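Data first, discussion second: the structure below is written as structure tokens.
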Amino acid sequence: MASIYPPSPDLQSIAALFPHVDPDVIGAVLRHELPGVEIYKLDSRRILESTWNIVEVSMDDSTVSLRAAPFAIETYPTLDSLLVPLNAYFSVLCVEGLSHGQSALLPCHFFRYSSHLVKIAAQYEWKAVLSYHLASFARRSKEMRKGDYAGWGRVDMDLMEEFLVPNQKKRHYGSGTVFSNSSACQSWELIYP
């Protein structure tokens with residue numbers, strides 16, 4: 001099926017551009033109601049895997065049971081496991097936003113945020129980066145429900161101070177000495193280009 005751009009305003013035409021994603025998930029993205037911990041639902045590599053991790057089937061006694069949902073760090077153990085579905089999330093928002101009058105700068109906000117994540121993941125412990133991202137994602141979702149998408153292009157300094165600054169990666173130097181940056185000035189060196 002050939003896709004037409006821009007898509008019509010109905011959910012079906014937008015969902016057709018993302019055939020591996022459940023239309024209900026697309027709807028949640030467009031309403032800015034998809035929780036940050038659930039963006040894995042946009043990753044074609046992880047959709048079935050996530051179901052297998054939650055549903056437990058026993059062939060011996062013919063039972064099906066549900067396990068508790070995994071912790072965020074289990075769902076997103078690496079930067080790659082977060083960025084792939086996050087970029088799909090941003091793609092859905094771009095298609096919908098640009099076809100309905102959002103600024104042409106919309107993708108730039110998303111690119112800046114993705115770049116920001118890559119940079120802070122190099123400087124801070126992954127668990128702290130993920131916590132920062134989830135808090136920032138919740139803040140951005142609230143803003144987008146009011147029509148403001150520009151927040152993705154801003155740095156949340158208060159969240160960086162809360163989640164990242166205390167969790168800088170230790171740097172190893174040739175002599176075996178380990179240092180961590182203690183100055184706030186150094187802490188912000190990798191924020192944005």
Side-chain angles (χ1 to χ4, degrees), residues 21 25 28-47 49-50 53-54 68-94 97 102-103 105-172 178-193:
V21 180
V25 173
V29 170
L30 297 176
R31 292 186 306 275
H32 314 297
E33 295 173 355
L34 186 71
V37 296
E38 293 186 16
I39 62 168
Y40 69 86
K41 294 177 179 181
L42 294 151
D43 188 345
S44 61
R45 305 172 307 170
R46 311 269 319 266
I47 291 171
E49 173 190 323
S50 65
N53 287 337
I54 296 173
F71 292 107
I73 196 70
E74 295 168 350
T75 304
Y76 308 104
T78 63
L79 179 62
D80 172 70
S81 64
L82 176 65
L83 278 182
V84 169
L86 183 62
N87 286 334
Y89 175 85
F90 288 155
S91 294
V92 171
L93 292 177
C94 280
Q102 281 287 337
S103 166
L105 293 176
L106 179 64
C108 294
H109 301 311
F110 299 145
F111 294 146
R112 288 190 79 178
Y113 184 75
S114 293
S115 175
H116 175 58
L117 283 179
V118 170
K119 290 174 181 181
I120 63 176
Q123 189 173 4
Y124 300 98
E125 298 298 327
W126 174 244
K127 190 173 182 177
V129 171
L130 183 58
S131 296
Y132 167 85
H133 162 70
L134 293 173
S136 185
F137 188 98
R139 188 175 282 179
R140 300 292 86 85
S141 294
K142 185 177 179 181
E143 292 168 355
M144 288 188 300
R145 284 192 287 275
K146 296 176 183 174
D148 179 11
Y149 290 71
W152 289 106
R154 292 189 299 265
V155 173
D156 291 307
M157 296 302 261
D158 60 324
L159 297 179
M160 286 190 75
E161 289 176 9
E162 179 180 351
F163 294 108
L164 299 178
V165 173
N167 295 291
Q168 288 187 323
K169 288 181 177 178
K170 304 286 188 246
R171 294 186 186 190
H172 296 274
V178 177
F179 294 97
S180 69
N181 294 337
S182 58
S183 128
C185 186
Q186 290 173 327
S187 299
W188 313 127
E189 69 187 12
L190 292 175
I191 295 176
Y192 279 142

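As the structure is a prediction and not an experimental result, all values here were calculated from the model.
In this view, R145 satisfies the salt bridge (charged side-chain N to carboxylate O under 4.0 Å, His left out) rule with no residue, not counting sequence neighbours. Remark: S141 engages no residue in a side chain to side chain donor-acceptor pair (under 3.5 Å) (not counting sequence neighbours). The side-chain contact (heavy atoms from CB on, under 4.5 Å) search around A138 returns none, not counting sequence neighbours. The ring pair (Phe, Tyr, Trp, His ring centres under 6.0 Å) check on Y89 picks up F137, with sequence neighbours excluded. The side chain to side chain donor-acceptor pair (under 3.5 Å) search around N87 returns S114, not counting sequence neighbours.
Nearest approach of G36 to L134, heavy atoms of both residues: C-CD2, 3.7 Å. Across all their heavy atoms, W126 and L79 have their closest contact at CH2-CA, 3.6 Å. Here the closest heavy-atom approach between residue L93 and residue L106 is recorded as O-CD2, 3.8 Å. Contact record, L83 with L117: CD2-CD1, 4.2 Å, taken as the closest heavy-atom pair.
Ion pairing of R45 with D43 is present here, as a side-chain N (NZ or NE/NH1/NH2) and a carboxylate O approach within less than 4.0 Å. A salt bridge links R140 with E143: at least one charged nitrogen is closer than 4.0 Å to a carboxylate oxygen.
Of the inter-residue distances, the one linking S103 atom OG with H109 atom NE2 reads 6.0 Å to the nearest 0.5 angstrom. Once rounded to the nearest 0.5 Å, the distance linking CG of D80 with CG of L86 reads 12.0 Å. Atom-to-atom distance recorded for D156:CG and S136:OG is 4.0 Å, nearest 0.5 angstrom.
When each of F163, Y76, Y124 is checked for a side-chain contact (heavy atoms from CB on, under 4.5 Å) with V129, only Y124 meets the rule.
Side-chain N or O atoms of D148 include one that pairs as donor or acceptor with a backbone N or O of A150 at under 3.5 Å. Proximity of a side-chain donor or acceptor of K142 to a complementary backbone N or O of H32 within less than 3.5 Å is not detected.
Note on ring orientation: taking the six-membered ring where Trp is involved, the planes of H133 and Y113 are tilted (angle from 30° to 60°).
For residues 121-134, no residue pair satisfies the salt bridge (Lys or Arg N to Asp or Glu O under 4.0 Å) rule, not counting sequence neighbours.
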